[in-house]
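To keep things clear, I will list the structure first and then write my remarks on it.
Counting starts at 1 for both ligands and their atoms, following the listed order.
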Amino acid sequence: MNSCIFCKIIAGEVKGEVIRVSDRFIALKDAHPVAPGHVLIIPKQHFVTLFDLPDNWGSELLTFTKAVASSLLDKKLGDGFNVIMNNLEPAGQVVPHAHLHLIPRKDGDGIRFFTKV
Ligand code: 5GP
Ligand code: ZN
């Protein structure tokens with residue numbers, strides 16, 4: 001998809017800090033991190049939501065996500081981490097190219113998810 005910002009980053013048309021790659025995925029530093037080390041796990045191919053990701057990519061996604069999370073914890077960016085995926089606009093998806101948020105966490109960092117007002 002030509003207008004997709006993540007496709008442009010993957011194609012090298014737009015700058016992005018890619019910290020790790022696998023056959024099918026990249027780990028990209030989020031441009032607006034909610035915590036130091038916040039990265040996005042993004043399929044190199046354009047899919048919109050979790051529903052579109054092929055089931056047989058699941059194993060690579062899990063292995064890749066674990067490896068990236070381990071490297072963030074090894075770098076002392078967090079003592080724990082969240083993996084979050086926003087699917088479609090009502091759930092907060094802004095970029096319509098499927099991605100996981102990997103967010104390092106520390107005690108008392110003040111980050112709150114899933115609050116209801
Ligand atoms: P969503 O709400 O779609 O799950 O999150 C999209 C994420 O992509 C946001 O956290 C946002 O900061 C990040 N983002 C949006 N545009 C860019 C970009 O051009 N480069 C990078 N590295 N991250 C981006
Ligand atoms: Zn895309």
Side-chain angles (χ1 to χ4, degrees):
M1 188 192 274
N2 290 338
S3 62
C4 172
I5 185 65
F6 290 169
C7 283
K8 286 182 178 174
I9 291 170
I10 289 158
E13 296 164 9
V14 169
K15 270 193 187 169
E17 274 194 84
V18 176
I19 63 163
R20 197 180 192 99
V21 295
S22 73
D23 286 347
R24 293 173 170 140
F25 298 94
I26 65 164
L28 173 73
K29 283 194 185 180
D30 197 293
H32 305 284
V34 301
H38 178 177
V39 300
L40 304 171
I41 308 293
I42 306 174
K44 291 176 179 172
Q45 192 174 324
H46 185 89
F47 299 113
V48 178
T49 74
L50 180 68
F51 288 131
D52 306 310
L53 275 168
D55 289 355
N56 65 357
W57 289 31
S59 176
E60 184 177 328
L61 176 60
L62 199 52
T63 301
F64 187 67
T65 302
K66 288 180 189 179
V68 177
S70 292
S71 75
L72 296 175
L73 268 51
D74 287 348
K75 289 178 193 155
K76 308 291 181 203
L77 286 161
D79 301 313
F81 60 96
N82 294 107
V83 178
I84 292 173
M85 185 175 197
N86 301 323
N87 287 279
L88 301 172
E89 279 183 29
Q93 186 174 8
V94 174
V95 177
H97 180 135
H99 54 280
L100 307 183
H101 293 258
L102 186 44
I103 302 170
R105 300 297 306 276
K106 290 191 173 175
D107 265 344
D109 61 15
I111 297 169
R112 291 279 177 277
F113 299 112
F114 311 123
T115 55
K116 193 173 178 185
V117 284

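Rounded to 10°, the angle formed at the Zn ion (ligand 2) by C4 SG and H97 ND1 is 100°.
Side-chain contact check for F51 versus N87: every heavy-atom pair is 4.5 Å or farther apart. At a threshold of 4.5 Å between non-hydrogen side-chain atoms, the residues H97 and P43 count as touching.
Closer than 4.0 angstrom to ligand 1 lie heavy atoms from I5, F6, I9, L28, K29, D30, A31, H32, L40, N86, G92, Q93, V94, V95, H99, H101.
Residues H99 and H101 place their aromatic rings such that the two centres sit under 6.0 Å apart.
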Could you pull out every donor-acceptor pair under 3.5 Å between side chains of residues 109-117 and any protein atom, sequence neighbours left out?
| unit_1 | atom_1 | unit_2 | atom_2 | d |
| --- | --- | --- | --- | --- |
| D109 | OD1 | R105 | NE | 3.4 |
| D109 | OD1 | R105 | NH2 | 2.9 |
| D109 | OD1 | I111 | N | 3.1 |
| D109 | OD2 | R105 | NE | 2.7 |
| D109 | OD2 | K106 | N | 3.1 |

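With no hydrogens or angles considered, no side-chain donor-acceptor pair links Q93 and T49 at under 3.5 Å.
Side-chain contacts under 4.5 Å among hydrophobic residues (ILVMFWY), followed directly or transitively, place I41 together with I19, F25, V39, F47, L50, L53, W57, L61, F64, V68, L72, L73, L77, F81, V83, M85, L100, L102.
Nearest N, O or S atom of H46 to the Zn ion (ligand 2): atom ND1.
Screening residues 29-52 for salt bridge (charged side-chain N to carboxylate O under 4.0 Å, His left out) gives E17-K29 as the qualifying pairs, with residues at least two apart or on separate chains.
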